[in-house]
Every structure is written in structure tokens, then in C-alpha cells.
Amino acid sequence: MDLLADLNLQQQQAVMAGLGPVLVLAGPGSGKTRVLTRRIAYLIGAMAVRPYQILAVTFTNKAAREMESRVAELLGEKTRGLSLGTFHASCARILRREAEHLPFDANFVIFDTDDQLSVVNRALEDLNIDPKRYRPNSVLAAISNAKNELILPDDFPVQTYRDEVVARVYRRYQELLLGSNALDFDDLLLWSVFLFENNPNVREKYARRFEHVLVDEFQDTNQAQYVLIKQLVSFHRNFFVVGDTDQSIYGWRGADYRNLQRLEQDFPDTQVIILEQNYRSTQSILDVAMAVINQHPYRIVKNLFTERGQGQRVILHETYDDRSEADFVVETIASSVARQQAEPGDFAVMYRTNAQSRLLEEAFLQAGLPYKLVGAQRFYGRREVKDVVAYLRLVRNPQDEVSLMRVINTPTRGIGNKTVLALRTYAQKINRSMGEVLLELGAGDPAKTLEHFPGRAIAALTAFGERLHRWRQMLDKLAPVNLMDLILEDIGYQTYLDDGTEEGRERWENVLELRRLAAEFSEQGLDAFLERVALVSDQDTLEANANVPTLLTLHAAKGLEFRVVFIVGLVDGMLPHSRSFDDPEAMQEERRLFYVGITRAKDRLYLVYPQNRSAYGFTEPVEPSRFLDDIPLSLLEESRTSQSAQRSSRADMGATRWQTSQSRSAQVIEPRYRPGMRIYHPVWAEGMVLNSRVQDDDEIVDIFFEKVGLKRVAASLAKLEIRP
DNA sequence: ATGGACAATGTTTTT
DNA sequence: CATTGTCCAT
């Protein structure tokens, strides 16, 4: 196929850009993934670059998979050898291969946030630091930030006493990680950078190999990633990065959108290509988006435009409180679906914080409508899943103390705190890991060890050590799924979980789900399975096409699109979040977050806010988001839910200043469809217009479809094409 | 070792 | 309010 045929001029320019640094500034909905995939196809197909010499990195597994399948669609078998993956997975691969240059083994485990937290706790304990004064979470955040900036414990800037303490914890934390032969997420990047920095020959090997490096979502890179990319392109200088500063919403995690500008400075010959044409939204939606983002200082102004037409005005809706807000959303969706203006799966409801999903869920539940929730309870974060994974990790890597601590008494087997402490003390004394001591006990010849433990503990420890020893012997003989079965059987995990309650059953279901995944790794082996589990997020496990409305945070919405979007809770203190009030940089990020939400909408956008919000038990009046002030009223259609319908108990005082006038603009739109016209609908195919009338700013069309008969649709939502 | 009572706490979260 | 963690009594 022609790789360029269906691209616009800027997109073509980007795809065909010559050698050297290329920076593509891609507005929302401008076909950024398409450009990236075509570029890869172009390099391989037209420029005869070997796939082996191309590295493409993304931030999420989902993005990586999407790109992979789209490239495969274009090139088929010819993509073999292409390196395509997330930053973290790519780094993990390199680190395992180059472990000889590094202070850990190739079979290191990857610690997730929970594991990290327990390491911090352990470090605090070791150093006798009060976890109340030094919250593990905040200490961990400080450590993580330092790592993102490539700062090691010794270089940790010490301004205050607190910094000094954090530096100490950081040092201990790293020792504990290495002691467990473990790396955290940040380490994957950090160690890669140091690997290249300290071993120029290794760096050159990779820099020579990767003739072309492509990076998606470049505005989300942190300093470590930025340096890493520079190292990787240090030989060929061919990189192709795509990003949009306006969509930078992960600054609080260390991402620095200034890396885009930095790149231009570091590589002055960078070609910059701006993609401004939007293929997603109507002009009405883009106008609102630009009104919001243009208040943002120091930005490269992009003028978003679309050929999709003006579309309907964005609706600004006010409700009495957050409960009626949820009701409004659900009712609007229900009635649209009932009138066949849209399918349930066309809708998304977005909010600032996860906690806001509750009222929405209740409203959906009450209406008896199914929905799906993105994020919230993560599959891999669930206790039972973590338990089973911890067993496997421990068997693979007995040094892993976090996993050991997790499972040593789960299910309970008589190894309580005291026994654990004795074990730890003894292990420390002989300079071995606790896992190794256990193995020794289990392998027989425990004579020397025995005397160090109180009598009753010995039996329990030995029994567990024997198990561990046996599992390890099976390590190479069994496929991951069989090893898992053996362990589950040995520890009676099903009986432990399945306590007869609904919850217990669900937990066991989750284990079975994990088992199903493990079964896919019979060929690749346990290490691959463990890595997959560590580096996967759960957006992946979400079933994509359930045709129900999606509830998600604004953060989770990035990269997605929906025909109809509700953004709820547009209240000062929620968006922008009150925690950002005193930080101008954070406030700008809140604004971008709003912008990201707006630009997810293809056809219709509802901006919703309550007059009162129930926070921590009390209902209090709130102000509409200040960002709403930046949108000219002419771009909006204002409406509100009449108050009598839902008045909760404390309504009397604040609710008197109602203006009942419904400011519905009596705007007349011209009907486009006339009886007798032949039209085409993407789902129902060919049909003929029977009747059409204008109603509520929209055109309601009755159509007789050849396949499915008579349907009534809204012109704004049904994608009708008029046939000659 | 385990469950129950109380206090503390309360963004966003690609890997 | 509702969830989470901590402490204490069994």
C-alpha cells in the first residue's frame, strides 16, 4: 500500500523527514500514532532500514501493543527484529543482557510501588526513624524524584535536617534493593543511564545498533529518560520524537515537558513539524479547548482546526449538588441511548479524582445501567495476586526479602513476628539472606542453625524451608503454570481464600485469572512471566469493547477518545485541585488536564459542575472552576437541573438564589436531511430518510434502513453520509 | 495470631 | 463519610 496516500501535508513531511533529529509537535487528535507507525513502516519499507536497527519507545504497554499491531498491519513479517516497547521494558532487557557490568544479577526482580513501600518501611525500621514523622510515602516520593534526576544517595542535596534523613533512608533503601537482587521502576532507567555512562563501549554498541530511535509522548519524559535517549542516539543522531506540551500532565511524577525545548537546544538542527489538523473533534469542541489552553503562558501556539464541521455547542450544565450531578449524567446518557442517538459505549464520564467515581457508580447502579471503571482497583495490586506472584518470585530469587516477608506467614503457618525477627537477626549475623537460611534449613543439615531458634519456631521454619527447597528443585522442570499449581496446592491457597463469602470467591477468581496468564508463558518461562506481571498495567486487562459507558479520571483519559464526554465536578478545589493552588506550575498542569479532557470528545461535550459538594460528610457550597471563566459564553450552551427534583436535606439555606430562566438559545438550525434522501450509516448501512425535524439544537431523522427497518436518530450523533 | 475498636487521613499514578 | 492503619485485648 501507499504509505503516504491518506496523510495530510504535515504528516507526510514528518513521515518522510530525512536523517537527523526530528521533532513532531502533535496536537490532540492530529494522527500522532499514525505518523509514528507510518514513519517506522517508511524506514523499513522505503529506506531499507533493517528492523533490528530501529528502537521505538512508548510509555504504556497499551501504546506499544497498538503501535506494534499497526506496524504489522502495514508491513507484516518484515517487522521482525524491531525493538518496540515501553521505556521500562526496553531498559530491563538491556540491563539483563549487560548484567555483568552491574552490581546485580541478570535475574533481578522488579519491585512495584507496594514493594517499594515495604522496602522504605524496612529502611526506616533499620535506621530507627519514626515513620510518623517521615511518612514512607513522602520519603519514597523524594527518593523517586531523586532517581528521576539521576541523583544518587551521596549526591542528594541536603538543605535541611529532613533532607539529611531522607538521604540516609535513600542509601539504606538502595542497599536493601540490591540485597534482594531487586530494582524498582526508577532503577531500570537509572541503572541504564549509569551503565552507558560508565561503560562507553557498551553505550557505543547500542548507539551503533539503533540507527533510528523513535519516542512517543515525549512531553512525559523525565530527566533520566531524556539522558537515556541522548545516549542512545549519540552515534547516529537519528531520532524522531512526538509530543505535545499542552498534554503534559505528569509533571508531578517527574515528567518535564521542557525536554521538548531542551531537545531543540541540544540539537539545533532539529526539524520541527507541527501537526495542527484535528481529525477527532468538532470545531465547537476545539474552540473551547483552545479558549482554555491559550491562557497558558509561553506555549507554542497551535491553531487546531478540523474539517468535521462546527457541530453542536458545548453544554455547560449546573446542578444542585454532586449527587444530582451524577443523576444528570446518567439520565442524559440513558435518554440518549433510549432515543438511539448513541450507543452506551460512546459515552465517557471524566473526573479529577478517583473518589468522585463513587456517586457516579451509585447513580448507574440505581438506574440499573452497566458501566466500566478504568483504574481504581488494579488487578495486579490485589492482595491475592500479589501473594501468588510473591511466591513465584521468591522461588526464583530467594534473596527477595520483600516477597519472603509477604508470604512467610500467608496463609498462616505459625511463623509470627517473633520468629521472623529471630530469623532476620540470625541471617544478618551470618551475612546471608533470610531466604538462604530457610533453604538451608529445608535442605537438611540444619544442625548449626538449629540452636539459634526457640524450639517451637524450628518446626515451622523447617517445614517452610523444605517447601521452598522443593519448589526450587522444580524450577527448571515445570512450566510457570505448573509451578504455580504446585505451590497453590501445597499451601492450600484456595481453601485459604475461599471462605464462602462473595469476596473470597472473587479473590480465587483473580488467582485463576493470573493462572490463565501464566499458562501463556509455558514457552517463554518464568522470568518472562514475572517481568510481564511487574511491568504491566491494568488498562491492559480491561475488556475493551463492552459497549457500556466508561468512568475514568482525566489522567486515565489521555490518549483515548469518545463520541460524548462529560467532565464532572468542575469546581474550584477539584479542578484545579486545591493542592495546586499555591504552585503556578501545578496550576498550569491542572489547566492542561482540563484541556486533555476536553479534547477527548469527538461529537459532544458536557461540562458539569455542582453548586454544592459533599466533602468528608458535609455539604458545602462551592464555586465553579475558574477555568470555566476562560471560555467565552458564546461558545457554550448553558443549562441547569431544576432544583425541585433533587433537594437533599440541608438544601434550604443556600438554595434560594435560583434563577429559573432557562437560557436556552432559540437558535434555528437548518435541517440537512429531507424525505427521500438516500443515506449511509456505519452500522445500519443503507437507508432512506422518511422524515426529519429540528429539535433542541439537533436534527431528529427517521430513517428506513434496508437491513434493520425504521430507526430514529439524531443527526449530530449518528454518522450519516448522504448518498447521491 | 487474630480480630475488634479507635484514630488518622483524605490528588493525579503510563512503569 | 469511608477507608486505612495502629494498637490492644483475647
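Lettering follows sequence order; numbering is per chain, from 1. Remember, predicted model here, so these are calculated numbers, not experimental data.
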Which nucleotide sits closest to the side chain of [X]: [options]?
X         : options                   : value
Arg579(A) : dA1(B), dG10(B), dT12(B)  : dG10(B)
His577(A) : dT14(B), dT13(B), dT11(B) : dT11(B)
Arg135(A) : dA1(B), dT13(B), dT9(B)   : dT9(B)
Arg253(A) : dT12(B), dT13(B), dT2(B)  : dT13(B)
Asn409(A) : dT11(B), dT13(B), dA1(B)  : dA1(B)
Ala255(A) : dT13(B), dT14(B), dT11(B) : dT14(B)

Sidechain N-carboxylate O distance under 4.0 Å for Arg96(A), Glu531(A) | yes
Does Arg323(A) come within less than 4.0 Å of Asp321(A), counting only side-chain N to carboxylate O?
-> no
Where does dT11(B) land, syn or anti, once you apply the within-90°-of-0 test for syn?
-> syn
Assess the side chains of Asn181(A) and Asn107(A): does a donor N or O sit below 3.5 Å from an acceptor N or O?
-> yes
Using distance alone, with no hydrogens and no angle criterion, decide if Ser138(A) and Arg162(A) have a side-chain donor and acceptor under 3.5 Å apart.
-> yes
Hey, which of these two, Thr353(A) or Thr113(A), hits DNA chain B nearer its 5' end, going by closest nucleotide?
-> Thr353(A)
Could I get the full list of salt bridge (charged side-chain N to carboxylate O under 4.0 Å, His left out) partners for Glu589(A), not counting sequence neighbours?
-> Arg592(A)
What nucleic acid atoms does [X] come within less than 4.0 Å of, heavy atoms only: base, sugar-phosphate, or nothing?
X         : value
Asp220(A) : base
Tyr250(A) : base
Glu590(A) : base
Ile415(A) : sugar-phosphate
Ser578(A) : nothing

Quantified in whole Å, what is the [atom1] atom distance between nucleotide [N] and nucleotide [M]?
N       : M      : atom1 : value
dT11(B) : dT6(C) : C1'   : 24 Å
dT12(B) : dG5(C) : C1'   : 23 Å
dT14(B) : dT3(C) : C1'   : 26 Å

Looking at Phe111(A), is Arg406(A) sitting on its ring face, NZ or CZ under 6.0 Å from the six-membered ring centre and within 45 degrees of the normal?
-> no
Kindly say whether the aromatic ring centers of Tyr173(A) and Tyr170(A) come within a distance under 6.0 Å.
-> no
What is the distance, rounded to the nearest whole Å, between atom [atom1] of [X] and atom [atom2] of [N]?
X         : N       : atom1 : atom2 : value
Arg352(A) : dG10(B) : CZ    : P     : 15 Å
Glu620(A) : dC1(C)  : CD    : C1'   : 13 Å
Glu66(A)  : dT14(B) : CD    : C1'   : 15 Å
Gln356(A) : dA2(C)  : CD    : C1'   : 16 Å
Lys62(A)  : dT14(B) : NZ    : P     : 11 Å
Asn137(A) : dT13(B) : CG    : P     : 14 Å
Asn121(A) : dG5(C)  : CG    : P     : 10 Å
Met574(A) : dG10(B) : CE    : C1'   : 11 Å

Under 4.0 Å between a side-chain N/O of [X] and OP1 or OP2 of [N], yes or no?
X         : N       : answer
Ser614(A) : dC1(C)  : no
Asn354(A) : dT13(B) : yes
Arg413(A) : dA1(B)  : no

